> 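Structure below; questions to follow.
All values below come from the heavy atoms of this structure, side chains included, with hydrogens, waters and symmetry mates left out. What you see is a predicted model; the values in this text were computed from it and never measured. A note on names: the letters A, B, ... follow the listed sequences, proteins ahead of strands, and every chain is numbered from 1.
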Amino acid sequence: MTVRVRFSPAPTGFLHVGSARSALFNWLYARKTSGTFILRIEDTDVDRSRPELIENIRDSLRWLGLDWDEEYRQSERFDHYLAVVEGFLERGQAYYCDCSQDQVRARVGENAGYDSHCRDRNVSKPADGDGRVVVRFRTPHEGVTGWDDLIRGRVEFENSVIEDFVIVRSNGVPMFHLANAYDDFDMGITHVIRGEDLVNTVPRVLLLLDALGAIEPPHYAHLPLIVNEQRKKLSKRRDDVSVSDYTDRGYLPEAMRNYLVTLGWGAKDDIEIRPIDEIIERFDLADINRAPAFFDIRKLDHFNGEYIRMLDLEAFIDESRPFAGPVDDKLYRRLAPFVQERVRRYDEIPALIAWVVGEPPEPDEKDWRKVMGRDDVPKVLDLVLERLVTVAWEPEALADTVLGAGEALGTKSQLPVRMAVTGRRSGLPLFEPMAELDRSIVLERIRKARGRLD
RNA sequence: GCCCCCAUCGUUCAGCGGCCUAGGACGCCUGCCUUUCACGCAGGUAACACGGGUUCAAAUCCCGUUGGGGGUGCCA
């Protein structure tokens, strides 16, 4: 039996990292088993779905390197779902219901579900455009519905807690459970891999699948949720975690993908950062964790830094150039080797090279005092200033001059000069970038700093 | 309220009855390297939620407690 899995996002927002991780695990499993990975857009909710977001989802998936083999949109398959409903209605597996939500609440209170009020009332088929009548699925009130989850083990629900749920809205549009069950059946899905937030929809789908005549439902594997610091499910509003945010900030897709894999799964040999082929080879659904995992940006940053440093210089230059800002290409090429070792994200680059490209930033007060507060700094700057006027303008000579001035005075000179020229106490190596600046500019910056000391 | 799930260092993963005086990674701290920072290297810090069982033996199995989370829509 060949594996068929699907990633089925609803296009109601940008693709976020939780969904991306679900997509990734589906993809990993498909690639590991030489199976088929399907992208199925679940856009049955015509009011909430934003067709333009489908492109964002596809782009994000492609960015992560998750290629799919087949693609479907549920909005194009409504006639299938509705035909199924006709059959249910004929066989008495579903029925029309004209209860308003207020009426139901009035009967059962706040905390109960639907009370099966219309089960045997024979509400007739609504006239076109009626807009009040829904179709509900007749669920058994006794027994249990359960499955052996590949990650969580046996999960069971008492049928008595499964209400007669809606399968067609009053506007005639089919609901998620129905479309989901039908498509999984129709598309021959063998494994359903998705977030834990969907576990309690499984019994309904299982019941539907049975009514559909499915002999064998797919295997289910519910992934632990990805959570924020408050240990709550990552949410679009609270946590701003769409994949596109990360592409914008200069994360490498390979780093993001690799990091996402470590949330809920780990290789037995303890190696976390490794090529995707090795991950595919070692990945297995049965080894996935059950506990929620915190999305730790600091660790993502570390992964990203590792991946940046793995790049060969040319690739680094090409990839990072768009993030570097207004800097001459040739100059950027010369700075790149120093930059590559120091950044964890591409969006850190402009700040790092700012003093070479344009004006140095205003120094931080505390750092300034710490570096420039020493009594010998004025003497050092004076001597450096004097010697810099005539020195050959190339890195080695600059280093000799600046460092030599310090030695001549029995002190350290690199930090004060760095602070004067770059406005920071840390950053790129000093002399190579400094040689890129005009002599007059460097002298001017040091004079200005010297002036502040009086 | 009701239903479902979860529980190893601050975080993340390893551990699936003895190899555990619990391991890797991130973070943090220390040292080395060094023109600063970073990189790299070498160390260090820090956890089996609690209580009962089962067993010769439990982080690993069972039950309970506590604590978290998810769901409870004519969203998915």
Side-chain angles (χ1 to χ4, degrees), chain A residues 8-12 19 42-45 47-49 74 97 99-101 109-114 131-136 149 152-153 155-158 160-163 165-177 179-180 194-203 222 224-225 227 229-233 259 261-273 287 289-303 305-306 309 338-344 352 371 395 398-399 402-403 406 412-415 417-419 422 424-432:
Chain A
S8 27
T12 53
S19 307
E42 306 222 325
D43 51 355
T44 53
D45 186 342
D47 294 330
R48 287 202 197 191
S49 291
Q74 291 188 326
C97 164
C99 299
S100 72
Q101 291 175 85
E110 283 297 317
N111 292 323
Y114 179 66
R132 289 168 24 242
V133 180
V134 299
V135 178
R136 288 183 182 273
D149 197 279
R152 332 194 82 82
V155 183
E156 289 182 338
F157 287 72
E158 296 278 344
S160 60
V161 305
I162 306 170
E163 64 187 45
F165 56 94
V166 174
I167 54 178
V168 180
R169 301 169 169 88
S170 53
N171 63 4
V173 175
M175 289 277 293
F176 150 76
H177 304 97
N180 203 268
R194 24 111 103 139
E196 192 199 345
D197 50 342
L198 273 325
V199 269
N200 51 47
T201 70
V202 179
H222 287 91
L225 258 20
V227 299
E229 288 105 319
Q230 287 79 239
R231 299 250 125 211
K232 302 250 198 260
K233 180 169 83 158
Y259 174 64
V261 168
T262 68
L263 260 27
W265 182 82
K268 308 256 182 262
D269 62 6
D270 277 340
I271 296 173
E272 294 184 317
I273 296 181
D287 296 330
N289 266 131
R290 287 179 292 276
F294 168 57
F295 186 77
D296 187 353
I297 298 216
R298 289 192 302 179
K299 188 155 181 177
L300 203 215
D301 283 349
H302 173 259
F303 273 47
E306 293 280 326
R309 270 168 258 121
F338 307 119
V339 174
Q340 186 177 11
E341 294 215 313
R342 257 154 275 253
V343 295
R344 293 151 86 93
L352 199 58
V371 174
L398 289 176
V402 171
L403 268 18
K412 304 273 193 186
S413 53
Q414 192 264 152
L415 234 27
V417 174
R418 170 180 291 279
M419 181 57 90
T422 78
R424 294 273 115 106
R425 54 182 302 206
S426 65
L428 259 22
L430 222 208
F431 306 112
E432 289 83 354

> For the side chain of A:Arg425 and the base of B:rU36, is some donor closer than 3.5 Å to an acceptor across the two?
no
> Could you list the protein-to-nucleotides 5-7 of chain B atom pairs, N/O on both sides, closer than 3.5 Å?
unit_1, atom_1, unit_2, atom_2, d
B:rC5, O2', A:Arg152, NE, 3.4
B:rC5, O2', A:Arg152, NH2, 3.1
B:rC5, O2', A:Glu196, OE2, 3.0

> Using Watson-Crick or G-U wobble geometry with both distances below 3.5 Å, tell me the partner of B:rG23, or none.
B:rC13
> Does some side-chain heavy atom of A:Phe176 sit less than 4.5 Å from a side-chain heavy atom of A:Gln74?
no
> To the side chain of A:Thr201, which of B:rG70, B:rA76, B:rC16 is closest?
B:rA76
> Does a nitrogen or oxygen in the side chain of A:Lys268 sit under 4.0 Å from OP1 or OP2 of B:rG23?
no
> Assign A:Lys412 to base, sugar-phosphate, or nothing according to its heavy-atom contacts below 4.0 angstrom with the strands shown.
nothing
> Nearest to the side chain of A:Arg231, heavy atoms from C-beta on, is which of B:rG69, B:rA76, B:rG71?
B:rG69
> Got a list of protein N/O to nucleotides 72-75 of chain B N/O distances below 3.5 Å?
unit_1, atom_1, unit_2, atom_2, d
B:rG73, N1, A:Arg48, NH2, 2.9
B:rG73, N2, A:Arg48, NH2, 2.7
B:rC74, OP1, A:Gln101, OE1, 3.4
B:rC74, O2, A:Ser170, N, 2.9
B:rC74, O2, A:Ser170, OG, 2.8
B:rC74, N3, A:Ser170, OG, 3.0
B:rC75, OP2, A:Arg169, NE, 2.3
B:rC75, OP2, A:Arg169, NH2, 2.7
B:rC75, O3', A:Arg169, NH2, 3.1
B:rC75, O2', A:Asp45, OD2, 3.1

> Check nucleotides 43-48 of chain B against the protein and report each pair of N or O atoms closer than 3.5 Å, with its distance, or say if there are none.
none

> Assign the ring pair A:Phe295 / A:Tyr259 to parallel, tilted or perpendicular, where the plane angle (0 to 90°) is split at 30° and 60°.
perpendicular
> Is A:Leu198 touching bases, backbone alone, or none of the nucleic acid, heavy atoms closer than 4.0 Å?
base
> Any base atoms under 4.0 Å from A:Ile162, or only sugar-phosphate, or nothing? Heavy atoms, all strands.
nothing
> Considering every strand and a 4.0 Å limit on heavy-atom distances, what is the contact class for A:Leu415: base, sugar-phosphate, or nothing?
sugar-phosphate
